[in-house]
Amino acid sequence: MSATMMLSKFKHLPLSTRIPILLFLLGLAVFTSLHYLNCKVGGSNDPESRKVVMDYQDKDYYLTLLNEREEQHKQYVASLKKQISELKLELARRTEKISKGAQPVNDVVQVFDDHVNDNDDLNDYLQQQIDKAEVRHGFRIRNEYEIIPFNMFTPQRIYQLEMGLYRHPEEKPTRKDKKDELIEAVEYALELLNSQKAKESKQFTVNDFVEGLYRTERNTGTQYELFFRSGVSGRIHRMEIFRPFGPLLRVNSEVFETSKATINIILPLAGRMEAFRIFMQNFREVGLKHDRRVFLTVVYFGQEHLQEVENTLESIAKETGQRSYYKLIALNEEFSRGKGLEVGAKAWDKGNVLLFFCDVDIWFTLDFLDRCRYSTVAGKKVFYPILFSLYNPSIVYAQESRIPPLEQQLSVKKDTGFWRDFGFGMTCQYLSDFLNIGGFDLDIKGWGGEDVSLYRKYVNSNLIVIRVPVKGLFHMYHEKTCDVTLSEEQYRMCIQSKAVGEASHAQLGMLAFKEEVQAHKASKKH
């Protein structure tokens, strides 16, 4: 039989059989090496051989030969030890799968081979995670706001409190990681259930799964309670499992030199002179006076107010002494936000630059500009901040004697605004990434759609999309008018945006039931 065939058969042997064989080979290798060394140096009875040995058997030659043999022996032993260690780990993993079936959740982490000492600390850590979680017993909680509710799921649907961008209280799990997580939990529970049953009895299948509950404690892990029909009327099997979080690991550490990165702010514009005045006030104070590492590209559509825009830009240039801080591009055509951003980005001719796609009703802070710099990496990361959208101040401050100044309205509270997580128009990305991804879809005209199209390109690329709410980026309230010439989809998006941006649910409720509130107030006066 060839060595290749023997090696192939050996690999298919069970782990429990391969480990003793490797240990035997290790011992045999040691014995063979020592025996060979003995025979080579002084074990021959042949006179001529003995003569040769005596001629060369000085101290240096003997030590050199011995060292060579010892080194070969060490390498061979190290190789065998490595194979044994790998086999032990594999055996431990398979033992884990089997032994988990006979263990309760309390012992779920006691699954590794006792001889694999490198994993002892990890075992202790995972056991501590279970001890800290609200799994074995309840904990005293200060108030009702601190309870962590479960989500419920069936084979077809998830019923959830945190609805995310879909805004659906129930949905099919569409994200691959969420879907795979729940499938894995159900399959694992089935393995545990079936390992406890006799082989001849009916096995549990996915069809027996009724529903499940799950919740995640951010610092310990995810708890699952899964329910299965047992085949006996009135009997349900409940399986409780826990996925502990592992210890923290360093992924990367790097230093960003934010002082060298110029941000080119691209602003498409058509009309909106009062909003433009407020925008330039903010840009002058934050960008030119304090940051001083920004450039503004204004792409203006149409002729009306064009001269006023140019005069404003030039006036600020004289006031600040920074005459080369901006570029004005005039397009005598119908407004298209995607077209304006595309033209503005491509107008830059001084190499790669960090772009900030902006709107005229945006207010940004100095902190945001630095966050834009260190959250964006050319060829690796694009930054899609979730801005805070302010409600209608005439509703928010209706009970006050006057509406406070704009700077005092910039407050992140539930009664002043909301996180605009359905908006993707404000983004920081490098020009090189914007060009490589293919830019905007210029077939989209008017309001909405172009930003989502670009966002989806990045989501479907190998670049990392940083999506996070930021406290230094605000969308200023303005009355929204939806153009009747928009497509049906664009008009629907515009109306939805208008509805959610007016006031909070409670504030709109007070407006809707205003007459009832006034009638109740009047009744108390009598």
Between R371 and V470, is a side-chain contact (heavy atoms from CB on, under 4.5 Å) present by the stated rule, with each step listed?
CA-CA 9 Å; R371 189 171 292 112; V470 293; 3.6 Å; yes
Any chance you could lay out the side chain to side chain donor-acceptor pair (under 3.5 Å) test for Q507 and S504, step after step, and finish with the verdict?
CA-CA 5 Å; Q507 290 163 343; S504 68; 3.1 Å; yes
Given the rule in the salt bridge (Lys or Arg N to Asp or Glu O under 4.0 Å) test, do E319 and R284 qualify, once you have shown the distances and angles that lead to the verdict?
CA-CA 10 Å; E319 291 175 10; R284 176 177 54 189; 2.6 Å; yes
Could you walk me through whether F356 and F368 pass the ring-ring contact (aromatic ring centres under 6.0 Å, His included) check?
CA-CA 11 Å; F356 172 35; F368 169 75; 5.1 Å; yes
Worked check of side chain to side chain donor-acceptor pair (under 3.5 Å) between S453 and D441
CA-CA 7 Å; S453 176; D441 181 355; 4.6 Å; no
Please walk me through it: do L213 and N151 pass side-chain contact (heavy atoms from CB on, under 4.5 Å)?
CA-CA 6 Å; L213 311 177; N151 293 312; over 6 Å; no
Please determine whether side chain to side chain donor-acceptor pair (under 3.5 Å) holds for the pair S394 and N392, giving the CA-CA distance in whole Å, both sets of side-chain angles, and the decisive distance to 0.1 Å.
CA-CA 6 Å; S394 62; N392 186 342; 2.6 Å; yes
After noting the C-alpha distance and the side-chain angles of I158 and K178, does the key distance pass the side-chain contact (heavy atoms from CB on, under 4.5 Å) rule?
CA-CA 10 Å; I158 296 178; K178 181 185 288 188; 3.4 Å; yes
Walk me through whether Q322 and T320 qualify under side chain to side chain donor-acceptor pair (under 3.5 Å).
CA-CA 5 Å; Q322 301 182 51; T320 61; 4.5 Å; no
With side-chain contact (heavy atoms from CB on, under 4.5 Å) as the test, would you mind laying out the steps for T376 and K381 before giving the verdict?
CA-CA 5 Å; T376 312; K381 294 180 181 179; 5.7 Å; no
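The main-chain N or O of N332 is never found under 3.5 Å from a side-chain atom of Q303 such that the two would form a donor-acceptor pair. Of the possible donor and acceptor atoms, none in the side chain of H305 sits under 3.5 Å from a partner among the backbone N and O of A270. Side-chain N or O atoms of S375 include none that pairs as donor or acceptor with a backbone N or O of C372 at under 3.5 Å. Side-chain atoms of D208 come within 3.5 Å of backbone atoms of T205 as a donor-acceptor pair (strictly under, hydrogens ignored). Checking side-chain atoms of E240 against main-chain N and O of L226 turns up no donor-acceptor pair under 3.5 Å. Using modelled atom types, one side-chain atom of N460 and one backbone atom of R456 make a donor-acceptor pair closer than 3.5 Å. Side chain of R467 to main chain of D421: a donor-acceptor pair is present (N/O by atom type, distance under 3.5 Å, no hydrogens or angles). Between the side chain of S461 and the main chain of L463, a donor-acceptor pair closer than 3.5 Å is present. Checked by atom type and distance alone, the side chain of K327 never pairs as donor or acceptor with a backbone atom of V298 at under 3.5 Å. Judged by distance alone, the side chain of R215 and the main-chain N or O of I148 form a donor-acceptor pair under 3.5 Å.
Put simply, the side chain of F474 reaches to within 4.5 Å of the side chain of V412, judged on heavy atoms. With a 4.5 Å cut-off on side-chain heavy atoms, Y430 and V382 do not count as touching. In this structure, V517 and M510 have side chains that are in contact, with non-hydrogen atoms separated by less than 4.5 Å. Between F364 and I265 the shortest side-chain heavy-atom distance falls below 4.5 Å. With a 4.5 Å cut-off on side-chain heavy atoms, E184 and R243 count as touching. Taking the side chain as every heavy atom from C-beta outward, L511 and I395 approach each other to under 4.5 Å. At a threshold of 4.5 Å between non-hydrogen side-chain atoms, the residues M273 and V309 count as touching. Y224 is not listed as a side-chain neighbour of Y188, based on a closest heavy-atom distance of 4.5 Å or more.
Both tests hold for K350 against W348: distance to the six-membered ring centre under 6.0 Å, angle to the ring axis within 45°.
Residue E479 qualifies as open at atom CD: its count of foreign heavy atoms under 6.0 Å is 12 or below. The number of heavy-atom neighbours closer than 6.0 Å to CG of N219, taken from other residues, nucleotides and ligands shown, is above 12. Within a 6.0 Å radius of CD in E407, more than 12 heavy atoms belonging to other residues, nucleotides or ligands are found. Atom NZ of K457 has more than 12 neighbouring heavy atoms from other residues, nucleotides or ligands inside a 6.0 Å radius. Counting heavy atoms of neighbouring residues, nucleotides and ligands inside a 6.0 Å radius, atom CD of E515 does not exceed 12 of them.
Nearest heavy-atom pair, L288 versus I316, reported as atom, atom and distance to 0.1 Å: CD1-CG2, 3.7 Å. Taking every heavy atom of both residues into account, T416 and F388 meet most closely at OG1-CE2, 3.7 Å. Taking all atoms of both residues into account, the shortest heavy-atom contact from C482 to I495 is SG-N, 3.7 Å. Nearest heavy-atom pair, E217 versus F245, reported as atom, atom and distance to 0.1 Å: O-CE1, 3.5 Å. The two residues D415 and Y391 make their nearest non-hydrogen contact at O-CD1, 3.7 Å. P393 approaches I403 most closely through the heavy-atom pair CB-CG2, 3.9 Å.
The only member of F440, F383, Y455 that meets ring-ring contact (aromatic ring centres under 6.0 Å, His included) when paired with F357 is F440.
Using a 4.0 Å cut-off between a side-chain N of Lys or Arg and a carboxylate O of Asp or Glu, K339 and E450 do not qualify as a salt bridge. A salt bridge between E314 and R323 is present, with a side-chain N of the basic residue lying under 4.0 Å from a carboxylate O of the acidic one. Using a cut-off of 4.0 Å between Lys/Arg side-chain N and Asp/Glu carboxylate O, K346 and E342 are scored as salt-bridged.
Interatomic distance, OG1 of T485 versus OH of Y491, reported as 10.5 Å (0.5 Å rounding). Of the inter-residue distances, the one linking M476 atom CE with D361 atom CG reads 8.5 Å to the nearest 0.5 angstrom. If you take CE on M239 and CD on E191, they are separated by 11.0 Å, rounding to the nearest 0.5 Å. Atom CG of L313 is separated from atom CG of L296 by 6.5 Å, given to the nearest 0.5 angstrom. The structure places CG of D359 at 12.5 Å from CD1 of I266, a figure rounded to the nearest 0.5 Å. Taking OH from Y477 and CD from Q409, the interatomic distance works out to 12.0 Å, rounded to the nearest 0.5 Å.
Taking the centre of each ring, F209 and F153 come in below the 6.0 Å mark. In this structure, F283 has its ring center at least 6.0 angstrom away from the ring center of Y326.
At a cut-off of 3.5 Å, with distance as the only test, a side-chain donor of Q429 or Y458 sits close to an acceptor on the other residue.
Between H478 and H475, the ring planes are tilted. Angles from 30° to 60° get that label.
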